S.K.: 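Could you have a look at this structure, given as structure tokens, before my questions?
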Amino acid sequence: MSSLVRLPKNFYQQNTFKVAKGLLGKYLIRKDKKQILIGKIVETEAYYGPFDLASHASRGKTERTKIMFDQPGLAYIYLIYGMYYCFNIVTESQNFPAAVLIRAIEPTAGIKQMVRNRKCHPELSRRVTPPHCHSSTELTMTMRLTNGPAKLCQAFKIDKKLNGHNLFTSKILYLAENTKEKIKPSQIQSAKRIGIDYAGQYKHKPWRFYLKNNPFISCK
DNA sequence: CCTGGGATTTTCT
DNA sequence: GAAAATCCCAGGA
């Protein structure tokens, strides 16, 4: 059925924006005990270099940010707002701090387990219209499962324990492509990044990328 | 429809 | 001691 091929290290060892766009349509695979969770990446953000004021790396190499300075293809996972995790993938080359944040995923396999991991029950059937969306775009349960960077970490059981994890050798967390699926440049929309009002000039950069008309993205 | 606030704890000043 | 690459819910119009 699925002809998923793992992404090699040299996929990550490229320009960050190329990787951020290239990850759209690729698959995140998480194996936890006997469960396998799979989803298609539909939204990303680029955090590029020591000068990008939105990037943690703009304040230099610290205990937390050292992963961003490490080799491409590592997972950079950090705690945010005291209660959530965000999942990034290190890009470029050693000593150049850059990464791609995974902001939204379209669940493909293991959806029942994701619901359990997210701990939201029957109220998932509640009617919800997200901000920035028209009232006609009502989201189903599945669409709200992984449409945000912290939500997808909960659903895929990604936390600090996987910080620094190697995605091109790991058996439990990695990325793959379906060689039959190709994303055309015309399917990709760019926009401002979310939640970085402190970033000065850099808050206006269109360094967020998502698949046009995909209902699983976090916002327009 | 929209706005605002609370949760919760690591990280850096 | 302040802020944080978020999410969820309550309340008012």
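The sequence lines fix the lettering, A, B, ..., with proteins before strands; numbering per chain opens at 1. As the structure is a prediction and not an experimental result, all values here were calculated from the model.
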S.K.: Taking side chain to side chain contact (heavy atoms under 4.5 Å, CB included) as the definition, give me every residue that meets it alongside A:Ala104, ordered by chain and number, with sequence neighbours left out.
M.R.: A:Val42, A:Glu43

S.K.: If we ignore angles and hydrogens, is there a donor and acceptor under 3.5 Å between the side chains of A:Lys9 and A:Gln71?
M.R.: yes

S.K.: Under 4.0 angstrom, heavy atoms only, what part of the nucleic acid is A:Lys203 near: base, sugar-phosphate, or nothing?
M.R.: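 Nothing, no heavy atom under 4.0 Å.
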
S.K.: Using residues 90-99 of chain A as the side-chain source, report each donor-acceptor pair under 3.5 Å to any protein atom, sequence neighbours left out, with the distance given to one decimal.
M.R.:
from: A:Thr91; atom 1: OG1; to: A:Thr16; atom 2: OG1; distance (Å): 2.9
from: A:Glu92; atom 1: OE2; to: A:Thr16; atom 2: N; distance (Å): 2.6
from: A:Glu92; atom 1: OE2; to: A:Thr16; atom 2: OG1; distance (Å): 2.8

S.K.: A:Asn147 has an atom CG; how far is it from atom P of C:dT6, in whole Å?
M.R.: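 The answer, rounded to whole Å, is 13 Å.
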
S.K.: Does anything in residues 58-70 of chain A reach DNA chain C, meaning a heavy atom under 4.0 Å, and if so which residues?
M.R.: A:Met68

S.K.: Which residues in residues 91-104 of chain A have a heavy atom closer than 4.0 Å to any atom of DNA chain C?
M.R.: A:Leu101, A:Arg103

S.K.: What pattern of brackets, bars and dots sums up DNA chain B from 5' to 3', given Watson-Crick or G-U wobble pairs under 3.5 Å, [ ] for crossing pairs and | for another strand?
M.R.: |||||||.||||.

S.K.: The criterion is ring pair (Phe, Tyr, Trp, His ring centres under 6.0 Å); which residues satisfy it with A:Tyr78, sequence neighbours excluded?
M.R.: A:His56, A:Tyr76

S.K.: Sequence neighbours left out, what passes ring pair (Phe, Tyr, Trp, His ring centres under 6.0 Å) with A:Phe17? Give chain and number order.
M.R.: A:Tyr48, A:Trp207

S.K.: Heavy-atom contacts under 4.0 Å between residues 79-89 of chain A and DNA chain B, which residues?
M.R.: A:Leu79, A:Tyr81, A:Gly82, A:Met83

S.K.: Can you list every side-chain hydrogen bond (donor to acceptor under 3.5 Å, both in side chains) pair that touches residues 18-39 of chain A, not counting sequence neighbours?
M.R.: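 Listed by first then second residue: A:Gln14-A:Lys18, A:Tyr27-A:Glu181, A:Lys31-A:Tyr174.
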
S.K.: Going by the rule ring pair (Phe, Tyr, Trp, His ring centres under 6.0 Å), which residues pair with A:Phe156 if we only count those two or more places apart in sequence or in a different chain?
M.R.: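 A:Phe156 satisfies ring pair (Phe, Tyr, Trp, His ring centres under 6.0 Å) with no residue once adjacent residues are dropped.
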
S.K.: Of all residues at least two apart in sequence or in a different chain, which pass the side-chain hydrogen bond (donor to acceptor under 3.5 Å, both in side chains) check with A:Tyr210?
M.R.: none

S.K.: Please work out which residues in residues 189-201 of chain A have a non-hydrogen atom less than 4.0 Å from an atom of DNA chain B and list them by number.
M.R.: none

